[in-house]
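Below is one structure; the comments refer to it alone.
All residue numbers refer to positions in the sequence shown, counting from 1. FYI, side chains are in, hydrogens and waters are out, and symmetry mates aren't considered; it's all heavy atoms of this structure. The structure presented is a predicted model; accordingly, all values stated were derived computationally and were not measured.
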Amino acid sequence: MNDRHSRRVLSRDAGLRWALLVLVFSAGAHAQSPPSARGRPDLFDDIYQRGRTVDATLKTLTARFTETTTSSLLTRPVVARGTLAVIRPDKVLLRYTDPDQRVVLIDGDRLTLTWPARQLRQVTDIGASQRRVQKYFVGASPSELRKEFAIQAEESRDRPGTYQLSMVPTRKQIREGLTHLDLWIDRTSLLMTAMRMTFPNGDTKLMAFEDIVPNAAVDPSAFH
């Protein structure tokens with residue numbers, strides 16, 4: 001991986017990726033959404049409403065992940081693997097184990113990236129990003145989300161047993177950092193099993209999750 005691409009990866013580690021992880025594991029369920037005026041809600045509204053019930057019981061979460069990054073600067077995709085631990089509302093730990101070890105730790109408004117192979121330790125204040133996510137994602141009702149995104153929900157054809165939510169930002173401020181967001185939601189548990197981010201230059205990052213355990217025992221000391 002060249003230096004230019006490394007800087008791009010670090011920038012995203014300190015920005016959108018953490019925010020979207022917080023988003024998908026809270027599913028916007030903190031907002032209060034009134035019943036649809038059209039009677040029976042459409043699929044996105046239905047997923048949102050049912051997800052609120054799951055969200056109310058979710059305190060912690062663990063999973064394994066596979067992250068696939070594509071870029072015009074790469075001859076082939078970069079695949080990384082690791083584990084995820086979440087203590088809600090604001091603690092996220094991404095521990096990469098392959099191809100090399102690194103840790104992305106979110107604790108409140110602070111993100112710490114530790115990458116031993118590159119002799120790197122980077123601490124970033126993510127308070128502003130956190131507030132943007134709260135405004136555009138977590139605190140929004142379905143109708144408010146539709147003001148910021150063109151949203152399509154359907155049963156996934158390439159990931160059986162999931163719903164696919166396709167979200168295209170309509171606001172310029174969001175498009176400057178993200179042009180397309182795809183989320184795959186398990187139809188039974190209503191937890192996210194994968195997400196794909198597409199950036200303005202055409203690069204993509206896909207994170208697929210396995211062995212997802214809600215309300216697992218998580219040692220708080222791991223976040224220090």
Side-chain angles (χ1 to χ4, degrees), residues 6-33 48 51-52 55-56 58-63 65 67 69 80 82-96 102-116 118-142 144-149 167-181 183 191-192 195-201 203 205 207 209 218-224:
S6 295
R7 288 194 296 271
R8 183 180 296 176
V9 168
L10 295 181
S11 174
R12 288 179 187 161
D13 276 338
L16 268 176
R17 181 166 59 185
W18 82 263
L20 291 170
L21 280 171
V22 174
L23 157 69
V24 296
F25 285 116
S26 60
H30 300 293
Q32 296 295 317
S33 177
Y48 180 96
R52 291 178 59 194
D55 179 84
L58 190 61
K59 306 301 181 184
T60 67
L61 184 142
T62 61
F65 69 83
E67 177 186 273
T69 303
T83 59
L84 165 74
V86 176
I87 297 179
R88 300 181 67 190
D90 58 3
K91 296 183 186 294
V92 180
L93 179 65
L94 287 160
R95 189 179 298 278
Y96 290 78
R102 57 185 156 122
V103 173
V104 178
L105 170 64
I106 300 153
D107 190 352
D109 287 347
R110 185 174 66 177
L111 181 148
T112 303
L113 168 65
T114 306
W115 200 334
R118 297 180 181 273
Q119 299 182 331
L120 176 67
R121 185 176 186 275
Q122 175 179 300
V123 180
T124 306
D125 184 339
I126 57 174
S129 297
Q130 204 169 24
R131 288 187 289 274
R132 285 195 296 271
V133 171
Q134 181 69 32
K135 175 181 178 181
Y136 292 124
F137 292 104
V138 180
S141 66
E144 291 169 332
L145 283 168
R146 288 189 173 94
K147 295 177 182 178
E148 312 293 346
F149 299 89
M167 304 175 67
V168 179
T170 55
R171 183 182 289 267
K172 180 181 178 181
Q173 293 165 297
I174 304 176
R175 291 201 307 268
E176 290 175 351
L178 181 73
T179 58
H180 203 123
L181 172 64
L183 306 177
L191 293 173
M192 186 193 68
M195 70 175 180
R196 181 175 60 218
M197 295 167 283
T198 302
F199 301 98
N201 62 359
D203 292 2
K205 187 176 292 291
M207 297 192 75
F209 299 91
V218 177
D219 184 358
S221 67
F223 293 83
H224 299 292

Please test Leu94 against Met207 for side chain to side chain contact (heavy atoms under 4.5 Å, CB included), starting from the C-alpha separation and ending with a verdict. CA-CA 12 Å; Leu94 287 160; Met207 297 192 75; 4.1 Å; yes

The test is side chain to side chain contact (heavy atoms under 4.5 Å, CB included); show your working for Thr69 and Asp203 and say whether it passes. CA-CA 7 Å; Thr69 303; Asp203 292 2; 6.0 Å; no

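In this structure, the separation between CZ on Arg118 and CG on Leu113 is 10.0 Å, given to the nearest 0.5 Å. Interatomic distance, Phe149 CZ to Leu178 CG, rounded to the nearest 0.5 Å: 7.0 Å. The CG atom of Leu183 lies 9.5 Å from the CE atom of Met197; values are rounded to the nearest 0.5 Å. Between atom OG1 of residue Thr124 and atom CG of residue Asp109 there is a gap of 12.0 Å, rounded to the nearest 0.5 Å. Rounded to the nearest 0.5 angstrom, Leu105 CG and Arg110 CZ are separated by 7.5 Å. Rounding to the nearest 0.5 angstrom, the gap separating the CG atom in Leu93 from the CD1 atom in Ile87 is 9.0 Å.
Side-chain N or O atoms of Thr170 include one that pairs as donor or acceptor with a backbone N or O of Glu148 at under 3.5 Å.
Just one residue in the list His180, Arg175, Glu176 forms a side chain to side chain contact (heavy atoms under 4.5 Å, CB included) with Pro169, and that residue is Arg175.
Checked against ring-ring contact (aromatic ring centres under 6.0 Å, His included), Phe223 has no partners two or more places apart in sequence or in another chain. Applying the side chain to side chain contact (heavy atoms under 4.5 Å, CB included) test to Asp107 and every residue at least two apart in sequence or in another chain returns Lys91.
In terms of heavy-atom proximity, Phe199 sits nearest to Thr179 at O-OG1, 3.5 Å. Closest approach of Leu58 and Thr60 over heavy atoms only: CD1-O, 3.4 Å. Between Arg95 and Val103, the shortest heavy-atom contact is NH1-CG2, 3.7 Å. Nearest heavy atoms, Gly127 versus Asp125: N-OD1, 2.8 Å.
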